[in-house]
There are 2 protein chains.
Amino acid sequence: MSRKASPTRNPLLHALPTEQAQARRFGKARTARSTAILEDYVELIADLIESTGEARATDIARRLGVSHPTAINTIARLKREDLATARPYRGIFLTEKGEALARRVRARHRLVLEVLLALGVPRETAEADAEGIEHHVSEGTLKAFSEFLKESRVKKAS
Amino acid sequence: MSRKASPTRNPLLHALPTEQAQARRFGKARTARSTAILEDYVELIADLIESTGEARATDIARRLGVSHPTAINTIARLKREDLATARPYRGIFLTEKGEALARRVRARHRLVLEVLLALGVPRETAEADAEGIEHHVSEGTLKAFSEFLKESRVKKAS
DNA sequence: ACCAATATGTAGCTCAAGCTACAATTGAAG
DNA sequence: CTTCAATTGTAGCTTGAGCTACATATTGGT
Ligand SMILES: [Mn+2]
Ligand SMILES: [Mn+2]
Ligand SMILES: [Mn+2]
Ligand SMILES: [Mn+2]
């Protein structure tokens, strides 16, 4: 038997979720945290290629605000996970898998940003917060976000 | 001079932000990531104390879905950062600083959850996503969220 | 063709966050 | 009062993500 103090002692407003449910939620957040960096990299690589024609390690490092060895290490992880390839002095390229991830991540980023703006968050605050929030927005939430935007655009056309 | 390929080659929709601006945003997200775990711990400790009278390392570990040495290690970090203290076999306690953080974090968590629900996100999805999103929601965004909720409550009372 | 600036690569470190395996302590039930 | 299950603690490992310092490679300009 457990030595825990009497459970459900305080039947006040909003009790705790069950251990299992809470552990599941925290686990999802941990997973999201661990893929957040990969997502940022593939998104940035896609953006750089689209707007400048190439994505070099140094540029990636500078835009992320990290040292270049850090960027190179993470790019190595991208390669290991079959998300990117590199031709030295010729830039970083996304694999098919990497491009697919980049498409999803970019669409999600845009949507999250638009929702924040629609909710009245100031532009720069929205841009900054979206960079972190996006990685924790699941499909279900994305769905609701796009519904909300649709409505709010209709309402705005009044 | 830089050896970069011709910059601003593609003057299409939404160009990249400046390097500095983007680095600042990514840096904020990194900071948020590194404090997310501390925030989850103090919030959970406060919740456990409030609803069961105590917060023991094992319970914390189980609710987080991690091994107990992992929880103990992180609790050591909480102590180092003057957020918590522990009396062995008697549970974890928050310092003044810890309680202050817990209050802020709990209020923020609630608000984020309510906004997701108000946007039509299904309950369990909202609970799960909020656990990760909350750590990236700044003061400015929080402000906008509470404004939005105020309006949406008024509208609902129609 | 050369050279210097830029880019890339490598070595080696720190810290956080996770794990398993094992040891020690404690307190509740008999 | 003893015992044993539960809790806590320790040791030692892995991986990711960051850093600095130094070494090597490439290329654009002269
Ligand atoms: Mn991001
Ligand atoms: Mn992004
Ligand atoms: Mn959380
Ligand atoms: Mn929380």
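Every heavy atom of this structure was used, including side-chain atoms; hydrogens, water molecules and symmetry mates were not. Each chain gets a letter, A, B and so on, in the order its sequence line appears, and its residues count up from 1.
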Between [Y] and [X], does any NZ, NE, NH1 or NH2 come within less than 4.0 Å of an OD or OE carboxylate oxygen?
X        : Y        : result
A:Glu54  : A:Arg90  : no
B:Arg153 : B:Glu114 : yes
B:Arg106 : B:Glu50  : yes

Please give, in whole Å, the distance from [N] [atom2] to [X] [atom1]?
X        : N      : atom1 : atom2 : value
B:Leu64  : C:dA16 : CG    : C1'   : 15 Å
A:Arg90  : D:dG28 : CZ    : C1'   : 14 Å
B:Ile37  : C:dC15 : CD1   : P     : 17 Å
B:His68  : C:dA17 : NE2   : C1'   : 15 Å
A:His135 : D:dA17 : NE2   : P     : 12 Å
A:Leu48  : C:dA7  : CG    : P     : 13 Å
B:Arg87  : D:dT7  : CZ    : C1'   : 16 Å
A:Arg56  : D:dG28 : CZ    : C1'   : 12 Å

Taking transitive links into account, so neighbours of neighbours count too, which hydrophobic residues share a cluster with B:Leu149 at under 4.5 Å side-chain distance?
A:Leu111, A:Val112, A:Val115, A:Leu116, A:Leu119, A:Val121, A:Ile133, A:Val137, A:Leu142, A:Phe145, A:Phe148, A:Leu149, B:Leu111, B:Val112, B:Val115, B:Leu116, B:Leu119, B:Val121, B:Ile133, B:Val137, B:Leu142, B:Phe145, B:Phe148
Tell me whether the side-chain N or O atoms of B:Tyr89 pair up with the base of C:dT25 as donor and acceptor below 3.5 Å, since no angle test is needed here.
yes
Position toward the 5' end of DNA chain D (nearest nucleotide), B:Ala57 or A:Ser34:
B:Ala57
If each of A:Leu38 and B:Ala86 is mapped to the nucleotide of DNA chain D with the nearest heavy atom, which maps nearer the 5' terminus, i.e. the 5' end?
B:Ala86
Considering just the side-chain nitrogens and oxygens of B:Ser67, establish if one lies under 4.0 Å of OP1 or OP2 belonging to C:dG18.
no
Any side-chain N or O of B:Thr70 below 4.0 angstrom from OP1/OP2 of C:dA17?
no
Looking at DNA chain D, which of residues 72-82 of chain A put a heavy atom within less than 4.0 Å of it?
A:Arg77, A:Arg80
Counting side-chain heavy atoms from C-beta on, which of [options] comes nearest to [X]?
X       : options               : value
B:Arg30 : D:dG18, C:dA7, D:dT7  : D:dG18
A:Val66 : D:dT7, C:dG18, D:dG18 : D:dG18
B:Pro69 : D:dA11, C:dG18, C:dT8 : D:dA11

Apply side-chain hydrogen bond (donor to acceptor under 3.5 Å, both in side chains) to B:Ser67 and B:Thr70, showing your working.
CA-CA 5 Å; B:Ser67 70; B:Thr70 295; 3.0 Å; yes
Only counting residues at least two apart or in another chain, list the ones meeting side-chain contact (heavy atoms from CB on, under 4.5 Å) with A:Asp82.
A:Thr95, A:Lys97
Given the rule in the side chain to side chain contact (heavy atoms under 4.5 Å, CB included) test, do B:Asp47 and B:Arg63 qualify, once you have shown the distances and angles that lead to the verdict?
CA-CA 11 Å; B:Asp47 285 347; B:Arg63 292 202 105 87; over 6 Å; no
